Amino acid sequence: MVEFPSPVLVVDDSGVQRQYMADLCRTLGASEVLQARGGAEALEILSTERDRLRLVIVDLEMPDVDGVQVMQESLQLKLEVPIIVASSRESSLLASIETMCANLGVNLICALAKPLTVMQLTTAVSRIQPKSIAKKSIAEPEGHSFEPREFSEALMHHQFCAHFQPKVTLDSGTLKGVEVLIRWQHPRRGLVMPGHFIPAMEGTPFIHYVTFEVLDLTLAQMKDWLARGLVITASINLSASSLARPGFIDTLLERIKTSKVPPSLIICEITETAIMTDLGVSLGALARLRLHGVGLSIDDFGTGFSSMQQLSQAPFTELKIDRAFVHGAHERTHLRVMLESTIEMARRLNLNVVAEGVETAADWTLLRALSCEMAQGYHIARPMPSDTFLEWAQQTDRAHLA
Ligand code: C2E
Ligand code: CA
Ligand code: CA
C-alpha cells in the first residue's frame with residue numbers, strides 16, 4: 001500500500017467538491033489536508049507552504065485564477081510538488097492539459113474526471129515518483145552535467161551497455177525482435193539512462209561514436225543468439241545528424257557485413273521529427289541502408305507533423321506509434337481514433353506497425369481489437385540486460401499476454 005502524501009492541498013471553488021476530495025484524501029491516509037477556495041488562495045498557500053506540501057489536487061474551472069494558471073504560476077515559482085488535476089470537463093481538454101504540462105515541465109501526475117474515486121486517486125498517487133528521484137532530474141537537467149572528457153573516457157573504457165526490450169506479435173505473443181536501448185554504467189553515478197546523456201551528445205561527434213558502440217554490442221549479441229537458434233531482429237536508434245555525416249552509412253554497413261549478421265535482421269529507428277528536419281539529406285542515407293537490406297523504422301510516430309505524402313517518399317519498412325497515443329487509448333476516445341487511423345494508414349503504406357508503451361492489459365486488448373501487428377512495452381517486458389533477456393526469450397509461457 002502506497003503511503004498517501006501529506007500535507008495535501010485541495011483546490012476547488014465548489015465547497016461540496018472540495019470537502020468531498022478532502023474527505024477522500026483523509027480516508028486514504030492523509031493526516032493533513034489544506035484547502036483553497038480558488039486559484040488565488042492556492043497560489044498563496046503554494047508560496048508559503050512550498051517546502052512542506054507533498055501533493056496538490058486542483059480543479060480547472062475556477063472564477064478567479066483557473067487551474068491552468070495555477071500550474072503556470074507554480075512553474076514560475078519553481079515548485080516541484082506533484083499535481084493532480086480533477087475536472088468535470090471533456091476528456092480531450094484533459095488530454096491537452098496533460099500534453100501542455102509534459103511540454104512545460106510541470107510535475108503533473110495525471111488529469112482525472114470528477115468525481116474522483118478511491119481507485120483513481122490511489123492509482124494516481126502510486127505513480128508519484130519518490131521526491132529524491134524527481135528532485136534529481138530537475139537539479140540535473142537532461143544531459144547538461146557531463147563533460148565531453150567523460151564521454152570519451154566512457155567510450156574508451158566500454159562503460160556503455162545495451163539493454164534489450166522485446167517486440168512481440170499481438171495475435172500470439174511471439175517474440176519477433178528487440179529494441180536496443182543504451183545505458184551508461186557510470187563509475188560514480190551508477191546506471192545512467194539515455195535521457196540524461198544522449199541529448200548532450202547530439203550535435204557532437206560522440207553521438208556517432210556511441211551509435212557504433214551500440215551497433216557493435218548488438219552485433220556481438222546477435223551472433224550469440226543466432227548460434228543458439230534465436231532468430232530475431234534488433235532495432236537500434238539513429239540520430240538524424242548521423243545520417244548526414246559523410247562516411248557514417250558506409251561504416252555502419254561495413255560493420256554489419258563483417259559481423260556476418262544478415263542485414264535484414266537489423267532495423268534502424270529514426271524519429272519522425274529527425275527525418276523531417278532535412279528530408280533531402282536523410283532520404284539518400286535511408287535509401288542506401290534499404291538497398292543493403294537493413295530495415296527502417298519511423299520512431300515516435302504521431303509526435304511530429306509529417307504528412308502521409310512525405311512519409312510515403314521514404315523507404316520505411318516499419319512504423320512505431322508513439323506511446324502517447326497508445327497507453328490509455330482505451331479510455332480516451334480521441335486517442336483511440338488517432339490510433340485506429342494510424343494503424344490503418346500504416347497498413348495501406350504496407351508498413352509493419354508496432355505500438356510502443358503498451359503498459360497495461362487494457363492497452364494490449366485494445367490493440368488486438370484494432371488488429372495492430374506488434375507491441376512493445378512494460379506490459380510485455382521492461383528493457384533487460386542480455387542474460388535476463390535470454391532467460392525471458394527461452395521461457396515460452398506468455399499466458400499473461402493473451
Ligand atoms: P525511444 O526510442 O522512444 O525508446 C523507448 C523508450 O521507452 C525507452 O526508454 C523504453 O525504456 C521506454 N519504454 C518502453 N516501454 C515503455 C512503457 O510501456 N511505458 C513507458 N512509459 N516507457 C516505456 P529509454 O531506454 O530511457 O530510452 C529513452 C530514449 O533514449 C529512447 O526513446 C531513444 O530516443 C534514446 N536512446 C536510447 N538508446 C539510444 C541509442 O543507442 N542511441 C540514440 N541515439 N538514442 C537512444
Ligand atoms: Ca526507438
Ligand atoms: Ca519511440
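Just so you know, ligand 1 is whichever comes first in the structure, and atom 1 is the first atom listed for that ligand. All values reported here derive from a predicted model rather than from experimental measurement.
Between Phe206 and Tyr209, the ring-plane angle classifies as perpendicular under the 30° and 60° cut-offs.
Ring pair Phe197/Phe160: centre-to-centre distance below 6.0 Å.
Under a 4.0 Å N-O distance rule, the pair Arg347/Glu344 qualifies as a salt bridge. A salt bridge is absent between Glu61 and Lys114; no separation between the charged side-chain nitrogens and carboxylate oxygens falls under 4.0 Å. No salt bridge links Glu373 with Lys176; every basic N to acidic carboxylate O contact stays at or beyond 4.0 Å.
Heavy-atom contacts from other residues, nucleotides or ligands closer than 6.0 Å to CZ of Arg37 number 12 or fewer. Within 6.0 Å of atom CG in Asp387, more than 12 heavy atoms from other residues, nucleotides or ligands are found, so the atom counts as buried in its surroundings.
We find the NE2-NZ distance between His292 and Lys257 to be 7.5 Å, quoted to the nearest 0.5 Å.
No donor-acceptor pair under 3.5 Å is formed between the side chain of Arg255 and the backbone N or O of Asp216.
Near ligand 1, residues Gln165, Glu179, Leu181, Ile182, Arg183, Met193, Pro194, Ile198, Ile207, Val214, Asn237, Asp299, Asp300, Arg323, Glu356, Gly357, Val358, Glu359, Gly377, Tyr378, Pro383 each place a heavy atom inside the 4.0 Å sphere around the ligand atoms.
Protein N, O or S atom count below 3.0 Å of the Ca ion (ligand 2): the structure gives 4.
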